[in-house]
Participant: 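I am attaching a structure below and will ask some questions about it afterwards.
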Amino acid sequence: MKPTRLLLSLCLTFGLTLGGAQAQTVMRISIATAQDSHQGVAIDTFAREVEKRTDGRYQIKTFYNGALGGEREYVEAVQMGTQELALSTTGPIPNFVPETKILDMPFLFRDKAHARAVLDGPIGAELLKKFDGRGFKALGWGENGFRHMTNNVRAIHTPEDLHGLKMRTMENPVHIRAYKALGIIPTPMAFPEVFTALQQGTVDGQENPLSIIIAGKFEQVQKHISLTGHVYSPCVWLMNPDAYAKLSDADKQAFLEAAIEGTKANRARVDADDASGVEYLRKGGMEVIEDVDKTKFIAALAEANAYFEQEFGADNIQQIRDFK
Ligand code: EAX
């Protein structure tokens with residue numbers, strides 16, 4: 001029996017298919033790194049969990065390697081509503097939600113356990129609320145990892161070894177101020193351009209977690225890495241607030257839980273990369289400096305830290321440092 005025009009128009013109006021099943025809503029999420037990475041496994045898990053937890057009402061199309069632009073571009077797209085979801089590091093986030101800048105301070109976190117506890121606790125929850133009203137619904141925190149210095153000029157043992165190096169940085173004002181204090185010549189650049197810039201010598205080096213260095217195959221274009229661990233880099237799950245508001249309460253919960261599952265997979269991959277990364281990069285031909293005296297780097301940042309205490313509040317910084 002041919003469906004009547006009325007039946008067809010009712011289906012189109014209410015998003016129903018002729019079989020009666022509800023039509024699927026397709027959303028997009030993107031990252032700047034490869035699918036085979038700690039961020040790739042995060043969004044793949046998220047996509048799978050959303051579809052499972054919404055009984056297929058939502059399909060999440062995943063995009064990798066900056067296919068939808070660098071982090072700043074796709075974060076803007078989520079804010080404008082031309083893209084529903086993103087997983088971004090806090091690199092470009094200070095341009096949208098300045099309150100998060102405190103998280104980007106060098107040597108703020110003792111280790112990953114400390115950073116994860118802060119982000120998963122009341123301090124992290126309070127910062128997620130700061131995204132409201134700024135054009136985002138922040139679904140939760142993820143992880144990029146502790147950042148390390150790589151370059152093609154010299155092995156980095158002390159801050160003095162950094163003097164004069166032209167290093168790519170994220171477009172992050174906290175990082176840029178800190179790295180200048182270390183004597184670096186910072187060159188802010190979107191991540192998709194970094195490999196070529198290193199290959200062509202436009203910059204001497206860059207800084208990123210082992211997970212990024214491995215996924216980005218930087219051992220092919222960088223000779224030296226020093227495990228400075230100078231900054232802990234969070235990720236954040238972002239959703240366009242109008243897209244979030246349209247979800248039923250049950251589906252809102254499904255998206256929040258999917259982000260939690262995505263972060264579990266993300267953090268597990270960071271732990272795996274941290275465990276195997278040094279040997280992997282050595283085998284890939286990099287000189288790895290593991291015994292970095294961090295106290296010298298912290299001392300060289302004294303002036304920058306004094307500025308950060310003024311900007312973020314010494315008490316707020318201490319509250320994070322003391323969090324157990
Ligand atoms: O997701 O831009 C960066 O350096 C970030 O750490 C990351 O690689 C992009």
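Each ligand, and each atom within it, is numbered from 1 in the order the structure gives.
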Participant: Give the C-alpha distance, both sets of side-chain angles, the deciding distance and a yes or no for salt bridge (Lys or Arg N to Asp or Glu O under 4.0 Å) between R116 and E143.
Facilitator: CA-CA 8 Å; R116 293 170 182 175; E143 181 166 88; 2.7 Å; yes
Participant: How are the rings of F96 and F136 set relative to one another: parallel (under 30°), tilted (30 to 60°) or perpendicular (over 60°)?
Facilitator: perpendicular
Participant: Please state which part of R168 comes within less than 4.0 Å of ligand 1, counting heavy atoms only: side chain, backbone, both or neither.
Facilitator: side chain
Participant: Quickly, which of K130, R134, K129 forms a salt bridge (charged side-chain N to carboxylate O under 4.0 Å, His left out) with E99? Name it, please.
Facilitator: R134
Participant: Describe, in one word, how the ring planes of F255 and F46 are oriented to each other, choosing from parallel (under 30°), tilted (30 to 60°) and perpendicular (over 60°).
Facilitator: perpendicular
Participant: Tell me the protein heavy atom at minimum distance from atom 5 (C) of ligand 1, and give that distance in Å.
Facilitator: M170 SD, 3.6 Å
Participant: Which ligand 1 atoms are under 4.0 Å away from a heavy-atom of I212?
Facilitator: 7 (C), 8 (O)
Participant: Can you tell me which portion of E71 lies within the under-4.0 Å heavy-atom range of ligand 1? Options are side chain, backbone, both, or neither.
Facilitator: side chain
Participant: With nothing but distance in play, are any N or O atoms of S233 less than 3.5 Å from an N or O of ligand 1?
Facilitator: no
Participant: Specify whether F297 and F107 have parallel, tilted or perpendicular ring planes, treating 30° as the upper limit for parallel and 60° as the lower limit for perpendicular.
Facilitator: tilted
Participant: List ligand 1 atoms under 4.0 Å from T33, heavy atoms only on the residue side.
Facilitator: 1 (O)
Participant: Which atoms of ligand 1 are found less than 4.0 Å from any heavy atom of N144?
Facilitator: 5 (C), 6 (O)
Participant: May I ask which of V194, N208, T89 has a heavy atom nearer to atom 6 (O) of ligand 1 than the others do?
Facilitator: N208
Participant: Is D273 salt-bridged to R269, cutoff N-O under 4.0 Å?
Facilitator: yes
Participant: Would the Y179 and H230 ring centres measure less than 6.0 Å apart?
Facilitator: yes
Participant: Could you list which atoms of ligand 1 come closer than 4.0 Å to a heavy atom of Q39?
Facilitator: 1 (O)
